[in-house]
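Predicted model only: the values in this text are computed from it and were never measured. Residues: numbered from 1 along the sequence shown.
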Amino acid sequence: MALNRKVLIVVLDGVGDFLLPPEGLEPKDYFGEGVVTPCQRAKKPVLDGYAKEGQLGILQPIPRAPWSGEYIAPQSDAAVLSLLGVDVFEESQYTGRGPVECFAEGLYLQDGDLMLRGNFATLNAALQISDRRAGRVMDPETAKSLCDAVNLHLQMLGLPAHVKPTSGHRCLAVIRDPEGRPLSGKITAPDPAYVRQQGYYVGEAVSLPENPPPAIALTCPMDDSPEARRSAELVNRFVYETHVALRNHPANQSRAARGINPANVVLVRDAGATVPKLPSTDIRYGAKMAVLAEMPVECGIALMIGMGVVPVDTGQGKMTEEKMVSDYTKFREAVEASIQEY
């Protein structure tokens, strides 16, 4: 049945606001008297107004994991897809965040290509990960020059892989088998901060030691298929070769001279080798819908599910109060400009 009114869904991605003490303890006993959550402390008259005038409830973004019966913390892609009615535990409908973002950036060519998300990261002299995000400092020109160096190096080696910068320290990678054989996304991640559960394609963030820093995790197949074994071997080689290409790059020498962590390796995760074919939202809901997007994952979700894309360019930079006001003003203006069409 078609919707007969305008609906605006605002997703506050990443906001966590529970005080969770160890089991058996009350919040006041563990945190102390008078402790409040971030949202309780924050000045938020608009949200307070919604809470006062609206209806409240608790929503779990995705169902309980079928292998454990427990809720898990999803990444943005799985949570948003679930809000739009996608079964993220069905392999044909959810194949990983890597394919979602690569599809958005035009990197998808065919099923069987291995599509991954990546971070520029910092390795120390002992090849330990001293910073998984290379200080989170990366201007677009530097990111492009680093990706160009990696791509040239891989081309010279005859390794069919390509890296593309996206936002800040983030990038995407597509790896193809040199002999044209299909690959599989059922592999572990070389980024040690993410683990995979039962082949489910949402990573779970884990704490890493600071002393000594962790090493790059060896990528391993998660099943006995030749496709997964080939994928693991290629990813391990890919990560090593990105370090070879970047360790003496002029941009990293400049960063080190300025006291900024060098971006001398690409850590990848969220692998997938197929792109899901999803029913469009206008067929499912009888509504012409759009996503106001500033990240590749949002654009990928919109394109895969038949939604329009309304770009919102908030840009990089330190998150000052002035920038936050500017960013959310851009979102408001984008809503006002597009809500009559969608």
Side-chain angles (χ1 to χ4, degrees), residues 97-99 101-109 113-178 183 187 189-194 213-219 231-271 295-297 315-317:
R97 184 165 173 173
E101 297 202 16
C102 286
F103 185 84
E105 293 293 318
L107 295 179
Y108 168 74
L109 292 180
D113 293 343
L114 191 62
M115 295 163 278
L116 310 104
R117 295 177 68 213
N119 278 1
F120 289 106
T122 304
L123 294 184
N124 62 21
L127 300 184
Q128 298 166 318
I129 303 171
S130 57
D131 188 340
R132 290 182 51 254
R133 301 179 179 88
R136 288 185 178 267
V137 178
M138 184 75 62
D139 61 84
E141 293 76 17
T142 297
K144 183 180 184 304
S145 69
L146 296 177
C147 286
D148 288 346
V150 169
N151 290 332
L152 178 59
H153 179 73
L154 296 174
Q155 182 181 1
M156 293 175 65
L157 293 175
L159 181 61
H162 185 81
V163 182
K164 181 176 181 178
T166 55
S167 174
H169 59 282
R170 303 173 187 88
C171 61
L172 299 171
V174 173
I175 303 174
R176 301 181 180 91
D177 179 74
L183 300 175
I187 56 175
D191 186 339
Y194 285 82
I216 293 177
L218 183 68
T219 303
S231 295
E233 293 171 359
L234 285 169
V235 168
N236 286 324
R237 184 185 178 195
F238 168 85
V239 173
Y240 170 77
E241 295 298 349
T242 66
H243 179 57
V244 173
L246 297 177
R247 59 190 175 186
N248 295 317
H249 193 281
N252 280 325
Q253 295 176 352
S254 173
R255 287 167 66 92
R258 290 178 286 142
I260 304 173
N261 286 342
N264 57 15
V265 73
V266 176
L267 293 181
V268 290
R269 62 183 184 275
D270 297 318
M295 299 288 286
V297 63
Q316 299 294 308

For this session: With sequence neighbours excluded, tell me which residues meet side-chain contact (heavy atoms from CB on, under 4.5 Å) with Ala104.
Result: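 Scan of Ala104 (side-chain contact (heavy atoms from CB on, under 4.5 Å), adjacent residues dropped) gives Cys299.
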
Exercise. What pairs meet the side-chain hydrogen bond (donor to acceptor under 3.5 Å, both in side chains) rule with one or both residues in residues 246-255, with sequence neighbours excluded?
Worked result: Ser254-Arg258

Exercise. Among pairs that include at least one residue of residues 121-130, which meet side-chain hydrogen bond (donor to acceptor under 3.5 Å, both in side chains), considering only residues two or more places apart or in two chains?
Worked result: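 Applying side-chain hydrogen bond (donor to acceptor under 3.5 Å, both in side chains) to every pair that reaches into residues 121-130, excluding sequence neighbours, yields Asn124-Gln128.
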
Pairwise distance [atom1]([X]) to [atom2]([Y]) - rounded to 0.5 angstrom:
X      : Y      : atom1 : atom2 : result
Arg132 : Asp191 : CZ    : CG    : 4.0 Å
Leu146 : Thr242 : CG    : OG1   : 10.5 Å
Glu233 : Leu183 : CD    : CG    : 10.5 Å
Arg237 : Leu154 : CZ    : CG    : 8.5 Å

Problem set entry | Those residues that, when tested against Glu105, pass salt bridge (Lys or Arg N to Asp or Glu O under 4.0 Å) (two or more places apart) | Lys164

For this session: Return the set of residues passing salt bridge (Lys or Arg N to Asp or Glu O under 4.0 Å) with Asp148 (not counting sequence neighbours), or none when no residue passes.
Result: Lys144

[X]: which residues meet the side chain to side chain donor-acceptor pair (under 3.5 Å) condition with it, sequence neighbours left out?
X      : answer
His153 : Glu241
Arg176 : Asp113
Thr166 : none
Asn119 : none

Side-chain touch [X]/[Y], heavy atoms, less than 4.5 angstrom:
X      : Y      : answer
Val239 : Val266 : no
Pro178 : Leu234 : yes
Arg117 : Val297 : no
Met295 : Arg170 : yes
Ile216 : Val265 : yes
Leu107 : His162 : yes
Pro99  : Tyr108 : no
Leu116 : Phe238 : no

Indicate the atoms forming the closest heavy-atom contact of [X] with [Y], along with that distance.
X      : Y      : result
Pro213 : Ile129 : CB-O, 3.4 Å
Leu114 : Ala271 : CD1-CB, 4.0 Å
Leu246 : Ala263 : CD1-O, 3.6 Å
Pro192 : Ala215 : CG-O, 3.8 Å
Ala217 : Asn236 : O-OD1, 4.5 Å
Ala149 : Ala245 : O-CB, 4.0 Å

Problem set entry | Donor-acceptor contact present, side-chain Arg136 to main-chain Arg133, <3.5 Å |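 Checked: no pair found.
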
Exercise. Just by distance, do the side chain of Thr219 and the backbone of Val235 share a donor-acceptor pair under 3.5 Å?
Worked result: no

Problem set entry | Salt-bridge contact Arg97-Asp270 (side-chain N to carboxylate O under 4.0 Å) | no

